[in-house]
> 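Can you read through this structure? Questions will come right after.
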Amino acid sequence: MSILKNPKIPIGIASVTALIMILNYFLKIPLLPEVASAIQNWFTVIMTLGLGVGFVSVLRVHGKHIIKRTEGQYLYSLCAMLAMIYMIFTGLMPPIGQHPAFVFGIGKVKYSIDISLYALYSCFLFIMAYRALVVRSKETLIIAVCMLAMLLTNAPIGEVIWEGFPAIGNWIQSYVSGGAQRGVIVGVSLGIVFTLVRLLLGHEKVFGGG
Amino acid sequence: MVNKDHVVCILLALVVIYPILNPIGLPILIHEDSLRFYDEIEALPPDSLVLVGFDGTYMGLPRILPLSLAIGNELFEKPIKIVFISTCAWGAEAPTLLETMIFPELDMQDKVYGVDYVNLGFYPGQEPTIAALAADVHSVVGTDFHGTSIDKLPIMEYFKSAKDITLFVGIGSAGIIDVYVRQFNLPYGTPEIFMVTAMGQLKARPYLEAGQVRAILVDVLGIAEYELLIGRPGEAIASSDVVSTTHILLVFIVIITNISYYVNKYMSKTSKKGDE
């Protein structure tokens, strides 16, 4: 087996990197800030290269559909490929990111599509809300009351109808939702810490192909 | 048979279009969140450095545009330095949006690009990139959005790390509010304020109440309040009537749906009893 395919290498790199970043955060050790800064910069470079990988991946996936003339798909793939190539090339034409052809693509075509989709989304949200909030159980009743209170809190008319709506809405936000949100934050943070410990001990193997 | 979904969509279109054509002019009361946001910007001393995390998308333009114009005009009026940067995963198109739709609409006063303000462009990677920027901006950023080396931009002499930032303003970047708190506020004590959506405020409130975020501006209504505070009425004030009408419609639809559900349930019960 090639040494490059050995899963211990990426696992080892990840463990050492994590250790450097932790030590740099908590301790003042000479030279370590420079090493940590270099690692962070490498990450930015890797992420930028990742965009290139995404480009190649889109070419591969949609290229296959176009070559095979996949029924019901290849025309969409062709559109996606042409749009991507158009945006990349016009985006790179000077002045970068401001060429009229690029601005037309992003400001007229994409903007119109985005806004239309967003408008459709509001219709779906309305339909989903009135279907989901039929009170069939105690739990749905609680959710429906909270939602109605929040709707009237977030609209100026709520305060005009009754001054108490914002007070109820703010109470829900601060205590009910706020408490749950804090719980989520603590849970996620603990999860990150445990993942980090697994990484340091070399038990986190998913990214290394383990 | 009338399709209920179609009726809902038509009603929705009506309650959006009508108040735009005939503004109702419902009173907008200034809330504490908006007042704190306003105070943070007004309290900026001369020669401050403001980093604007601009991650607006074209999809979010109805919210982003009025806020960016309101905050932008307010910032450009002050004798301060302003740096724009996009770091969120969805912020790739933000620098172009800034250059093509926001900057041309702003009253730039006598501000000079590269001296008083700069658009650094988009930097992918989110948390590690933001951490690297906070530690040493010049090691991450080589050029601005236009490809000019940052060594040729006088404003960048004032911006070396997060320690130099007087205030961070998040526009469209509230989705990673936790990242900015972790990488800017906790290690360097950078004061941060954010514009958040009505849904996004649920994530932001714990940080606000803990004092890690100084202020938030909540959705269109918050932007409308801010427009009132700075005395520049804009699109957000016009949109606040639409917020009221759509929310009231949804409340009515939910109530009517529940009434019809229980009436139908009662009717089917009584008809079953009649059959027996």
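Chain naming here is simple, since letters A, B, ... match the order of the sequence lines and numbering starts at 1 in each.
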> Could you pull out all residues at least two apart from I13(A) that satisfy side-chain contact (heavy atoms from CB on, under 4.5 Å)?
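Residues passing side-chain contact (heavy atoms from CB on, under 4.5 Å) with I13(A): I9(A), T17(A).
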> Does the side chain of I115(A) reach to within under 4.5 Å of the side chain of M59(B), using non-hydrogen atoms?
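No, too far: nothing below the 4.5 Å cut-off.
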> Ignoring hydrogens and geometry beyond distance, is a side-chain donor-acceptor pair present between S37(A) and D136(B) at under 3.5 Å?
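Looking only at side-chain atoms, D136(B) and S37(A) do not form any donor-acceptor pair under 3.5 Å.
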> Considering only heavy atoms from C-beta outward, does the side chain of E93(B) approach that of D114(A) to under 4.5 Å?
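Answer yes - side chains close enough.
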> Of all residues at least two apart in sequence or in a different chain, which pass the side-chain contact (heavy atoms from CB on, under 4.5 Å) check with C123(A)?
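Partners of C123(A) by the side-chain contact (heavy atoms from CB on, under 4.5 Å) criterion, ordered by chain and then number, come out as C9(B), L12(B).
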> Need one label for T100(B): side chain, backbone, both or neither, based on atoms under 4.5 Å from any heavy atom in chain A.
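For T100(B), side-chain heavy atoms alone lie under 4.5 Å from chain A.
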> I need the contact set between residues 252-261 of chain B and chain A: heavy-atom distance under 4.5 Å, sorted by residue number.
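Those residues of residues 252-261 of chain B which have a heavy atom under 4.5 Å from chain A are I253(B), V254(B), T257(B), N258(B), Y261(B).
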> Would you say H138(B) has more than 12 foreign heavy atoms packed within less than 6.0 Å of its NE2?
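Check passes, neighbour count above 12.
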> Stepwise, does the side-chain contact (heavy atoms from CB on, under 4.5 Å) test hold for F126(A) with L249(B)?
CA-CA 9 Å; F126(A) 256 67; L249(B) 175 67; 3.6 Å; yes
> State, to 0.1 Å, how close F43(A) and G125(B) come at their nearest heavy-atom pair, and which atoms those are.
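Between these two residues, the closest heavy atoms are CE2-O, 3.5 Å.
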> Hey, which of N41(A), L133(A), I39(A) has the most heavy atom pairs under 4.5 Å with chain B?
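Among the listed options, the one with the most contacts to chain B is N41(A).
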> Is there side-chain contact between K4(B) and R131(A), with at least one heavy-atom pair below 4.5 Å?
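K4(B) does not reach R131(A) side chain to side chain.
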> So which part of K265(B) gets closer than 4.5 Å to some heavy atom of chain A, the side chain, the backbone, both or neither?
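Contact with chain A involves no heavy atom of K265(B) at all.
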> When you check the side-chain N and O atoms of R205(B) and Q181(A), is any donor under 3.5 Å from an acceptor?
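Looking only at side-chain atoms, Q181(A) and R205(B) do not form any donor-acceptor pair under 3.5 Å.
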> Sort V8(B) into side chain, backbone, both or neither according to what part of it lies under 4.5 angstrom from a heavy atom of chain A.
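Side chain of V8(B) only, per the 4.5 Å heavy-atom cut-off to chain A.
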> Does a side-chain heavy-atom distance below 4.5 Å link P95(A) with H146(B)?
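No - every pair of side-chain heavy atoms lies 4.5 Å or more apart.
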> Determine all donor-acceptor pairs shorter than 3.5 Å in which one atom belongs to a side chain in residues 147-159 of chain A; sequence neighbours excluded.
| unit_1 | atom_1 | unit_2 | atom_2 | d |
| --- | --- | --- | --- | --- |
| T153(A) | OG1 | A149(A) | O | 2.6 |
| T153(A) | OG1 | F165(A) | O | 3.1 |
| N154(A) | ND2 | M150(A) | O | 3.3 |
| E159(A) | OE1 | H31(B) | NE2 | 3.2 |

> Chain B: which of Y118(A), Y121(A), Y111(A) shares the most heavy-atom pairs with it under 4.5 Å?
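Looking at each of Y118(A), Y121(A), Y111(A) in turn, Y111(A) comes out on top.
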> Which of the residues T48(A), V103(A), I106(A) is involved in the greatest number of heavy-atom pairs with chain B at under 4.5 angstrom?
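Of the candidates given, the most pairs with chain B belong to I106(A).
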> Where on L250(B) is there a heavy atom nearer than 4.5 Å to chain A: the side chain, the backbone, both, or neither?
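Its backbone and side chain both get close to chain A.
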